[in-house]
Amino acid sequence: MKEVKIYKKVIVNGGNGMKEITIDPYIHVRMVKSFEYDPKGKKISFISDYTGVPQVWELDREDRWPAQTSFSMKGITFIKYIAGSSDLVYGMDADGDEKEQLYVLKENGEKIALTNSPEHLHMFGDSSPDGKWIAWSSNRRNPAFLDIYIQNLETLEIRSVFTGDGTYSVEKWFPDGNSLLVKKTNTPLDHDLGVFSLLTGKMDWITQHKGEAGYKDIHFNKDADHLYLLTNQDREFFGLAMIQIASKQFTWLERGEWDFEDLVINKVKNKLAFSMNQGGISKGFLIDLERTTLYNWETPIGVMFNLRFSPDNQKLGFVLNGPAHPPDIWEVDLKTIQAKRLTYISRTPILEEKLVEPEPITFPSFDNLQIPAFYYKPANKKEKSPVVVYIHGGPESQSRAVYSPFLQYFISQGYAVVAPNIRGSTGYGKAFTHLDDGRKRMDAVKDVIFLMEWLKKTGDIDAQRCAIVGGSYGGFVVLAAISHFPEFWAAAIDIVGMSSIRTFLQTTSPWRKKLRETEYGTIENDGDFFDKIDPLNHSDKIKAPLMVIHGVNDPRVPIQESDQIVRKLKERNHPLQYSRIEEEGHTMMKLKNKITSYTEMAEFLEKYLGK
């Protein structure tokens, strides 16, 4: 790959007092990925890409600045404290291949490799109450299935305790140390919970439900005879419920007309906290179980995640990621219910007045269904704006009100940016999420086209300068939009997208294939439909100049998906730019690669849409 300079010239104070900002400062915003409180209460450990690769950092409350505690060339994927200790379990994969290996980072800085099986993935579950064992799931037995294992942290002995032809993961280790709470993932949106006895080797499934139901963020009550959890069992949205383990009795505690997210419970089991996803924007709630009182607190517009109670039960920490507030750790004082920013990892003074928050909108699609979106409008714009339409991945995902260096840069350059949550997105109920399933796939693409028609009617955009950008499933929508509706687009960027559902299902990781078939259909039953809609088979209709970006190690959407459509477009000398990125997978992690890719994307769109 060609080398790109990290910083172009940045004019802070020009003669007219205006600031000229390039894309570089937007890319260089450092972010907190996740954090954990040390069980002993003195420290906070968090993952940040401050050095250019996600690493573990440690914040001592008596120090003013955090210290780096991991120094790997590879990115850290998660951290979790072992019960009752200051030792951390963490994960790393090989440059984005998602075959995560597990390690222990001892309090004294010693690093111990636990799994050492790089051809398999390892999904961490929990540590035993005495801190001597950990539980995880892996596809060691069969590439298509995830089984349950436990491992001794002193001897490093690994035991296979539960196998089955399915996708199993460990949610919690029971407080008595004798059982595991296990989740079976039937589809990305349908689960079962079971109690697996380590003494008898038997599984008791405790969630009795008809139809689709998701279960997440599960916690024991004080006596460990009930579970608090979030579920959408028998309803559209996730709410707070309780399950009595022995009798399997299910009880609703709190429900709303939006999804509840990220449920946590404090150490003494008398307070719960969660956030509510209100159309892509988070609102936080605290429940006092003894007083049966519900509280909420104020934060800037954004998304809360990684909620955690402090060990002394005085604080509730969370990561806040907002369009104008890149990810940092915040804390709520549980006495005053006031939120305050704790870390300033992301602080970039040159951008603080530049970042733009979106306007939530809806627009009517072809069947009059109202489709939600975030609309970012450039400031002080008098003439019509070029527009960038950004499509999220998934499709069981959602565009949220979060910081994006790429989108914020284009807003600063006078572009309008619209991020729709087309049918199939999560956050708007089960029925909405299933509106694009199987042979309804192109209805989601039509939503994008009707967004363009709606934008034209507003009179705010330049209809001759419209670009579409998307990653993963969003990349498929990009390719489908420019091949089936070519007249709308002046440029397009496909990031790790599928060019053919048929070939994608043939090559994606074996353990993911069955889960994806519930969304797209199967080659045996729906192959004729895939052939009808796949962008690869309509590449001759593409008119828009296309940029394609793909990580070589991508296990979800193999890079062959990009190779094959690029090959077809090259055969007819179509305007094309292709970046195959070494040492990356489905998600770009390394700062050097972000700098190169984002800069090239900016230059590409400016070439075809203008400044």
Side-chain angles (χ1 to χ4, degrees), residues 32-48 53-59 66-94 97-118 120-140 146-161 168-175 177 180-183 198 217-219 264 267 305-309 311 317 319 589:
V32 172
K33 309 289 185 183
S34 64
F35 83 99
E36 295 288 338
Y37 285 107
D38 181 343
K40 296 182 179 178
K42 295 181 180 180
K43 303 178 295 185
I44 296 175
S45 290
F46 63 91
I47 298 175
S48 176
V53 177
Q55 295 294 311
V56 183
W57 293 73
E58 184 180 281
L59 177 66
Q68 187 177 349
T69 57
S70 75
F71 299 89
S72 171
M73 296 297 291
K74 297 177 181 178
I76 306 297
T77 53
F78 82 91
I79 54 173
K80 195 78 175 177
Y81 277 104
I82 296 168
S85 80
S86 293
D87 296 343
L88 278 171
V89 175
Y90 67 96
M92 286 194 301
D93 66 9
D97 70 355
E98 298 186 10
K99 293 175 180 176
E100 196 170 56
Q101 304 300 305
L102 305 181
Y103 303 82
V104 168
L105 182 63
K106 304 284 284 185
E107 188 175 9
N108 62 9
E110 181 186 2
K111 171 184 163 184
I112 300 172
L114 297 176
T115 51
N116 196 28
S117 184
H120 301 112
L121 63 91
H122 303 83
M123 189 183 299
F124 181 72
D126 197 14
S127 56
S128 62
D130 60 9
K132 294 181 179 180
W133 294 81
I134 58 171
W136 39 265
S137 53
S138 178
N139 62 346
R140 289 179 170 217
L146 296 183
D147 301 322
I148 303 298
Y149 297 79
I150 62 173
Q151 183 171 18
N152 187 289
L153 292 175
E154 295 177 358
T155 65
L156 305 188
E157 171 200 1
I158 295 172
R159 296 181 189 173
S160 171
V161 295
Y168 299 92
S169 57
V170 176
E171 292 291 312
K172 294 287 181 183
W173 204 303
F174 272 70
L180 302 173
L181 183 67
V182 172
K183 177 190 285 188
L198 294 168
D217 304 336
I218 304 153
H219 304 277
V264 290
K267 188 176 181 180
F305 61 94
N306 198 185
L307 274 67
R308 296 288 186 270
F309 282 101
V319 177
M589 301 299 293

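These numbers come from the heavy atoms of this one structure, side chains and all, not from hydrogens, waters or symmetry mates. Numbering of residues begins at 1 and proceeds along the displayed sequence.
- Counting heavy atoms from C-beta on, the side chains of Lys99 and Thr115 never come closer than 4.5 Å.
- Using a 4.5 Å cut-off on side-chain heavy atoms (C-beta onward), Val104 and Lys106 make contact.
- In this structure, Pro311 and Asp38 approach most closely via the heavy-atom pair CG-O, 3.2 Å.
- Within the 4.5 Å cutoff, no side-chain heavy atoms of Met123 are placed close to those of Trp136.
- The closest donor-acceptor contact from the side chain of Asp93 to the backbone of Glu98 lies under 3.5 Å.
- Partner of Phe124 under the side-chain contact (heavy atoms from CB on, under 4.5 Å) criterion, chosen from Val170, Ile79, Val89: Val89.
- Between Phe78 and Glu100, the shortest heavy-atom contact is CD2-OE2, 3.6 Å.
- Using a distance-only test at 3.5 Å, with no hydrogens or angles considered, a donor-acceptor pair links the side chain of Ser138 to the main chain of Leu121.
- Considering OG1 of Thr155 and CH2 of Trp133, their distance stands at 6.0 Å, rounded to 0.5 Å.
- Here the side chains of Ile76 and Met92 are in contact, with some heavy-atom distance below 4.5 Å.
- If you take CG on Asp87 and CG on Leu153, they are separated by 8.5 Å, rounding to the nearest 0.5 Å.
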TODO: Go through the steps for Leu114 and His122 under the test side chain to side chain contact (heavy atoms under 4.5 Å, CB included), then give the verdict.
DONE: CA-CA 10 Å; Leu114 297 176; His122 303 83; over 6 Å; no
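- Within the 3.5 Å criterion, the main-chain N or O of Gly91 finds a donor-acceptor partner in the side chain of Thr77.
- In this structure the side chain of Val32 never reaches within 4.5 angstrom of the side chain of Asn306, judged on heavy atoms.
- Residues Tyr37 and Lys267 have side chains not in contact (no heavy-atom distance under 4.5 Å, counting atoms from C-beta outward).
- At least one donor-acceptor pair closer than 3.5 Å links the side chain of Gln101 to the backbone N or O of His120.
- Between the Ser70 side chain and the Gln55 main chain, no donor and acceptor come within less than 3.5 Å of each other.
- Using modelled atom types, one side-chain atom of Gln151 and one backbone atom of Leu156 make a donor-acceptor pair closer than 3.5 Å.
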TODO: Quick one: do Asp147 and Tyr149 satisfy side chain to side chain contact (heavy atoms under 4.5 Å, CB included)? Show the steps, please.
DONE: CA-CA 7 Å; Asp147 301 322; Tyr149 297 79; 4.0 Å; yes
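- Taken to the nearest 0.5 Å, the OG atom of Ser169 stands 11.0 Å off from the CG atom of Leu180.
- Salt bridge Glu154/Lys132: absent, no basic N to carboxylate O contact under 4.0 Å.
- In this structure, the separation between NE2 on His219 and CD on Glu171 is 9.5 Å, given to the nearest 0.5 Å.
- Residue Asn116 qualifies as open at atom CG: its count of foreign heavy atoms under 6.0 Å is 12 or below.
- Counting heavy atoms from C-beta on, the side chains of Lys111 and Tyr90 come closer than 4.5 Å.
- Between the CD atom in Glu58 and the CD atom in Glu107 there is a gap of 8.5 Å [rounded to 0.5 Å].
- Between the side chain of Ser137 and the main chain of Leu146, no donor-acceptor pair closer than 3.5 Å is present.
- Of the residues Val264, Val319, Asp217, the one that meets the side-chain contact (heavy atoms from CB on, under 4.5 Å) test with Leu307 is Val264.
- Put simply, the side chain of Ser72 gets close to the backbone of Lys74: a donor and an acceptor are under 3.5 Å apart.
- Between Ser127 and Trp173 there is no side-chain heavy-atom pair separated by less than 4.5 Å.
- Pairing each heavy atom of Ala83 with each of Ser128, the nearest pair is CB-O, 3.4 Å.
- Going from atom CG of Leu88 over to atom CD1 of Ile82 covers 8.0 Å, rounded to the nearest 0.5 Å.
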